[in-house]
S.K.: 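Take a look at the following structure, please.
This chain uses plain numbering: 1 for the first residue, then up along the sequence. This one's a predicted model, so the numbers in the text were calculated from it and none came from an experiment.
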Amino acid sequence: MATRVIPPRILKKIRYNRATTTTATKPFAYPAAGVVAPPVFERTEHKTPSSTSSAASAATVAAPSSVDTDYLPRRALDLEDTEKLFSSVSTGRLLRSSAVLHATAVGPMVDVGMRVMRSKFVEREGLVKDAVMGAVRKTFFEHFCAGEDAAEAGRKIRALNEAGLRGMLVYGVEDAHDNDGCNRNANGFLRTVDVSRSLPPASVSFVIVKITAICPMRLLERISDLLRWQQKDPSFNLPWKQDSLPIFADSSPLYHTQKKPEPLTPEEETDLELANQRLVELCQKCVQANIPLLVDAEHTTVQPAIDYFTYSSAIVHNKDDNPIVFGTIQTYLKDSKERLLLALKAADKMGVPMGFKLVRGAYMSMESKIAESFGCKSPIHDTIEDTHKCFNDCSSFLLEKIADGPGSLVLATHNVESGKLAAAKAHDLGMGKVHHKLEFAQLCGMSEALSFGLSNAGFQVSKYLPFGPVDMVMPYLLRRAEENRGLLAASGFDRQLMRKELGRRLKAAVF
C-alpha cells in the first residue's frame, strides 16, 4: 500500500503526539458530579461486524469544530474491501496470520499450549526446550511481538510505518519483586526510548511502561491499601504522598483493605523513593525525546498505586497542551466513568493537560474471584453490553473535550462497532490523521482489518508492540493468552476477512 503523503505545511507541525492548536478554546462544560453526559450520537439498531454501512450512519452528527480540515477528506470506515485492507500484507504473512488466529481461537489448544510452556521440560536446558522455543518463536511470538531485540523491533516499526500505521513500543517484562529487578527493567524502558528516537520521526507513537515492573509488587499493594484507607478516612495522613489527581470515586471498590494498614516502614519509604526516581528518569527522557509515555493498567489490587504514580507524574511533566504522561482507564469497571470525570475536572483546575487511553479491560476472572473472596459483588459491569456502553460513552465524552480543549486520547479497541462510532464522532468534530490529539490502537497481531480500515479512513493508528528475548517475553505472552481468551476466540471477523482475501488472491493468481 502506498504511503499517504501529508502536505509539507502540515509536516512542519508534527511533534509526535503533539495536539493540533484550535482557535478560541472555550471552557469545557462538565456534567453533574458522578454523571457522564450521554454521547451526542444515538445508537441505531445493532449491526453485525460485516455491515456495509458507513461509519457516518452510526452516529447523529454534531456541528463541526473550528479545526482546520481543508486537507482532510471525509472517508468512510470501509471494512469490506479486503484487497484495500490487506494491500500491504504479503500472502505468506496473511497465511501465517490466519493460521495463528485460527489456532488461538480453539480453547483447548490454548490450554495445551500454556501447560506445555509452564512445564518443567521448558525450564530445563536441552532439546525439548529448544524445540518448543523454536516453534513458539516462528508462530505466536512473530505474530504477537515486535522481535527479540531493538534491531528487530525497529524493522517491525518501519514496516508498519510503510503500511500507514505506527507503533507503541513496550519492553516485554513482567512484574518485579525487588529493587534489582526493578533497576534492570527500568534500564530496559530507558533503552526503549533510545530505540524510538532512532526510528523515523513519528513512527513510534508511545513508549509503554508497566509500573509493576519498576516498583516491587508488594510495595504497590501496600501503597494501594494506604490510599484506599485514606479514601475511607480523609484524616489518615500519608506523609510520602505527592500532589495527585483523584484516584477513587464514591462508587469505587474499597473491599481490598479490610483494616487500617500500618504506615510504610523506613525501608518501604526508601523503596518508594527509588521507584519514584526510576519513573522520573523515564519521564524526563520522554520529555527530551518528545515521545509520550503511556502507563499500562493492571488489576484493582494495585491499580490505585499505579494511578497515583501516573497522576503525580502527569502534574509535573504534562505542559502546554502536550501530554507526555498518559494514564489508562478500564471501562469494564463500574466506577470508571466517575473516576475519569473526577480526574479530568481536577486536572483542568490545575491547568494540567491529560492524556488517557481507554480500554475495556482484561482481568475479568481475577476481579470476580477477588471480590467473591471478600463476599462482595464484582467491580466489573454486569453485562458485556454495559461495558460496551461505558466505553462508547467515555469515548464520546473525551472526543468532545479534546476537540475544543486540552488533552489527548488513545482509543484502544478491537470492537468494530466502537471503532465505527468513534470514527464517525471524530470526523464530525474535525479530528483526522494530522490532528494529533487522537490515536486508535490495537494489539500486535489482532484486529488487523480494523487497524487498516481506520488508517485508510484518515486516522492515526498504532499497534501495541512488545519486544524482548523469547524466554523473557514468554510470561507476557502466557498472561496475554489468559487475559484475552475471549478476544482470541472472537477473532472471527478478522479470520473471515483474511479467508476472503486469500480466496480472492488465489482466484486472481496473486501471490
Side-chain angles (χ1 to χ4, degrees), residues 17 19 28 31 36-41 58-59 166 168 205-206 208 245 247 249 292-300 303 306-307 310-311 314 323 325-345 347 353-364 379-381 384-403 405-426 429 431 435-443 446-447 450-451 454 459-464 483-484 487:
N17 204 47
F28 185 78
V36 172
V40 172
F41 56 76
R166 309 210 293 171
M168 295 176 163
S205 55
F206 292 86
I208 310 294
L245 305 177
I247 294 169
L293 180 68
L294 199 157
V295 181
D296 261 351
E298 299 288 341
H299 44 85
T300 55
Q303 189 59 41
I306 292 170
D307 285 340
T310 303
Y311 295 156
V325 181
F326 280 61
T328 298
I329 297 291
Q330 300 175 100
T331 60
Y332 72 165
L333 294 171
K334 294 175 182 176
D335 70 334
S336 56
K337 286 195 293 189
E338 192 178 357
R339 283 189 293 107
L340 173 65
L341 184 61
L342 290 171
L344 286 170
K345 272 188 173 181
M354 285 302 297
F356 280 105
K357 178 178 74 168
L358 285 187
V359 300
R360 279 170 168 77
Y363 297 91
M364 288 185 63
I380 308 295
H381 285 297
I384 186 63
E385 289 76 20
D386 288 341
T387 295
H388 292 332
K389 183 178 185 303
C390 184
F391 183 95
N392 294 333
D393 285 355
C394 291
S395 169
S396 178
F397 174 81
L398 285 170
L399 285 169
E400 287 188 10
K401 185 179 188 306
I402 66 173
S408 297
L409 173 62
V410 178
L411 291 175
T413 182
H414 299 86
N415 183 278
V416 172
E417 184 70 10
S418 290
K420 288 182 177 181
L421 289 170
K425 179 79 172 181
L429 292 169
M431 303 174 71
H435 187 293
H436 292 267
K437 288 190 168 193
L438 172 64
E439 189 97 17
F440 286 91
Q442 289 81 39
L443 294 173
M446 299 296 296
S447 298
L450 181 59
S451 297
L454 286 165
F459 295 101
Q460 290 188 145
V461 182
S462 286
K463 303 298 281 188
Y464 188 97
E483 293 169 1
N484 295 298
L487 181 60

S.K.: Starting at CD of Glu385, measure out to SG of Cys390 and round the result to the nearest 0.5 Å.
M.R.: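 It is 13.5 Å, given to the nearest 0.5 Å.
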
S.K.: Among Pro353, Pro323, Pro292, find the residue that satisfies the side chain to side chain contact (heavy atoms under 4.5 Å, CB included) test when tested with Ser408.
M.R.: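 So the option named by the test is Pro323.
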
S.K.: Considering non-hydrogen atoms only, spot the tightest contact between Met168 and Leu294 and give its length.
M.R.: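 Result for this residue pair: CE-CD1, 4.2 Å.
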
S.K.: A side-chain contact here means heavy atoms from C-beta on lying under 4.5 Å apart; do Leu344 and Leu398 qualify?
M.R.: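 Yes - at least one pair of side-chain heavy atoms lies under 4.5 Å apart.
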
S.K.: Between Glu439 and Lys357, does at least one N-O distance fall below 4.0 Å, as a salt bridge requires?
M.R.: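 So Glu439 does not pair with Lys357 through a salt bridge.
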
S.K.: Report the residues that fulfil side-chain hydrogen bond (donor to acceptor under 3.5 Å, both in side chains) with Thr413, sequence neighbours left out, ordered by chain and then residue number.
M.R.: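 Listed in chain order: Arg360.
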
S.K.: What distance do Ile380 atom CD1 and Tyr332 atom OH have between them, rounded to the nearest 0.5 Å?
M.R.: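 Interatomic distance, Ile380 CD1 to Tyr332 OH, rounded to 0.5 Å: 4.0 Å.
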
S.K.: Considering all heavy atoms of both residues, which atom of Phe440 and which atom of Ala423 are nearest to each other, and what is their separation?
M.R.: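 Closest approach of Phe440 to Ala423: CZ-N, 4.1 Å.
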
S.K.: Quick one: ring-ring contact (aromatic ring centres under 6.0 Å, His included) partners of Tyr311, sequence neighbours excluded?
M.R.: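 Scan of Tyr311 (ring-ring contact (aromatic ring centres under 6.0 Å, His included), adjacent residues dropped) gives none.
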
S.K.: Determine whether Tyr363 and Gln330 satisfy the following criterion, side-chain contact (heavy atoms from CB on, under 4.5 Å), listing intermediate values before the conclusion.
M.R.: CA-CA 10 Å; Tyr363 297 91; Gln330 300 175 100; 4.0 Å; yes

S.K.: Not counting sequence neighbours, which residues clear ring-ring contact (aromatic ring centres under 6.0 Å, His included) with His381? List them please.
M.R.: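 Partners of His381 under the ring-ring contact (aromatic ring centres under 6.0 Å, His included) test: none.
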
S.K.: Provide the closest heavy-atom pair for Glu400 versus Lys425 in the form atom of the first, atom of the second, distance.
M.R.: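 Shortest heavy-atom contact: OE2-NZ, 2.7 Å.
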
S.K.: Give me the atom names and distance for the closest heavy-atom approach of Ser336 to Ile329.
M.R.: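 Closest approach of Ser336 to Ile329: CB-CG2, 3.8 Å.
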
S.K.: Which atoms form the tightest heavy-atom contact between Leu438 and Ala426, and what is the distance?
M.R.: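 For Leu438 and Ala426, the tightest heavy-atom pair comes out as CD2-CB, 3.6 Å.
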
S.K.: Applying side-chain contact (heavy atoms from CB on, under 4.5 Å), name anything that partners Ala249, two or more places apart in sequence or on another chain.
M.R.: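 Partners of Ala249 by the side-chain contact (heavy atoms from CB on, under 4.5 Å) criterion, ordered by chain and then number, come out as Ser251, Ser252, Glu338, Arg339, Leu342.
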
S.K.: Under the side chain to side chain contact (heavy atoms under 4.5 Å, CB included) test against Asp296, which residue among Thr310, Ile306, Val359, Ile208 passes?
M.R.: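 With Asp296 as partner, Thr310, Ile306, Val359, Ile208 yield a single side chain to side chain contact (heavy atoms under 4.5 Å, CB included), made by Ile208.
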
S.K.: With sequence neighbours left out, what residues match Gln442 under side-chain hydrogen bond (donor to acceptor under 3.5 Å, both in side chains)?
M.R.: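 Testing Gln442 for side-chain hydrogen bond (donor to acceptor under 3.5 Å, both in side chains), a comparison that skips the adjacent residues, returns Ser451.
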
S.K.: Would you please test Leu411 and Phe391 for side-chain contact (heavy atoms from CB on, under 4.5 Å) and show each step?
M.R.: CA-CA 9 Å; Leu411 291 175; Phe391 183 95; 4.2 Å; yes

S.K.: Do side-chain atoms of Lys420 reach the backbone of Asn415 as a donor and acceptor pair under 3.5 angstrom?
M.R.: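 Side chain of Lys420 to backbone of Asn415: no pair is present.
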
S.K.: Taking side-chain contact (heavy atoms from CB on, under 4.5 Å) as the test, write out the residues that go with Thr300, two or more places apart.
M.R.: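 Partners of Thr300 by the side-chain contact (heavy atoms from CB on, under 4.5 Å) criterion, ordered by chain and then number, come out as His256, Leu333, Glu367.
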
S.K.: Per the side chain to side chain contact (heavy atoms under 4.5 Å, CB included) rule, which among Asn392, Leu358, Thr331 passes with Ser418?
M.R.: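 Exactly one pass, corresponding to Asn392.
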
